[in-house]
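Atoms within each ligand, like the ligands themselves, are counted from 1 in listed order. Heavy-atom basis, side chains included; hydrogens, waters and symmetry copies ignored. Since this is a predicted model, take the numbers as computed values, not measurements.
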Amino acid sequence: MKRRPIIAGNWKMYKTKDEAIAFIYAVNLSVPDKEDVESVICAPAIFLRDLVKREGENLRIGAQNMHFADEGAYTGEISAPMLKSYGVEYVVLGHSERRTHYHETDEFVNLKVIAALNNDLTPIICVGESLETREAGTTDAFVAEQVKKAYQNMDAEEALKTVIAYEPIWAIGTGRTATPAQANDAIIAIRGVMADLYGRDVADQIRILYGGSVNVKNVDNLVAMSDIDGALVGGASLDAEHFLTLVKAALVKTRT
Ligand code: 13P
């Protein structure tokens, strides 16, 4: 099963406006053809308009969060229709930093995924276990629960429009990457959950990324794995040269 790889940078709360724009100009002409690799930068909301305006043919822009309501009295929040109206195409949902610091629940994540799909945005749904859960040997069960809750009230056609990112919390920003085998095994288990929910065909088609201390040194071994369809990258995506190396590494998926 051929699945087009995705390399998505998650800038988190980094860069100023000028730095963000300079990055886009630095990578625009060098990212691979979008038919081969989806290259995405998920930037702080305040930069989205400036970045979408400057994105080249092969670069796409995503947000890092949004509200689940289309509009309403939610001071400080941003809705899916707002993102869509600015030409944003992806949105990271349920990142562990949002679950931890802002108490985002699986129920909220589910509502956000549905809102993203209703507004034609591609949700990148983050799941992943804590170190405690991994050491207790209950990773697969924990992640399966997160996945099932994220996909409540969604049919197969909708599920196929989503992307999952497996991001073990212990690997995020720690320099401690999951081994390619650990990441691949967890992703195979997630595909199993999708097969239970939607059938093997959907499970084989849906893109599932790995995230957690991915860098230019370890990316090749990660994307070489059978079930890893690319990466969601924090720190290493802030540097234009590194980002280009990461997106080019994913070409191995297209060529094999
Ligand atoms: P790092 O690549 O900095 O570990 O961050 C991973 C992440 O959280 C991407 O969403």
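- No N or O atom of E97 sits closer than 3.5 Å to an N or O atom of ligand 1.
- The part of A171 lying near ligand 1 is the backbone, judged by heavy-atom distances below 4.0 Å.
- Looking from atom 5 (O) of ligand 1 to the surrounding protein, the closest heavy atom is K12 NZ, 3.2 Å.
- Within the structure, ligand 1 lacks A236 among the residues with a heavy atom less than 4.0 angstrom away.
- For L232, heavy-atom contacts with ligand 1 shorter than 4.0 Å involve the backbone as well as the side chain.
- Minimum heavy-atom separation, D229 to R191: OD2-NH2, 2.8 Å.
- Closest to atom 8 (O) of ligand 1 among all protein heavy atoms lies H95 NE2, 2.7 Å.
- Side chains of W170 and E132: no donor on one and acceptor on the other come within 3.5 Å.
- Within ligand 1, counting atoms from 1 as listed, the ones closer than 4.0 Å to a heavy atom of S213 are 1 (P), 2 (O), 4 (O).
- Y166 and E129 are linked by a side-chain donor-acceptor pair at a separation below 3.5 angstrom, with hydrogens and angles left out of the test.
- Heavy atoms of G211 stay at 4.0 angstrom or farther from ligand 1.
- A donor and an acceptor atom, one from each side chain of N58 and D36, are nowhere located under 3.5 Å apart.
- Closest to atom 2 (O) of ligand 1 among all protein heavy atoms lies G234 N, 2.9 Å.
- Salt bridge D204/R3: absent, no basic N to carboxylate O contact under 4.0 Å.
- A side-chain donor-acceptor contact under 3.5 Å links S226 and N184.
- A donor atom on one side chain and an acceptor atom on the other are found under 3.5 Å apart for Y25 and R54.
- From the protein, the heavy atom lying nearest to atom 9 (C) of ligand 1 is E167 OE2, 2.9 Å.
- The shortest N or O to N or O distance between I172 and ligand 1 is not under 3.5 Å.
- Heavy-atom proximity to G235, at under 4.0 Å, picks out these atoms of ligand 1: 1 (P), 2 (O), 3 (O).
- Proximity of M154 to I114: side-chain heavy atoms (C-beta onward) are separated by under 4.5 Å at one or more points.
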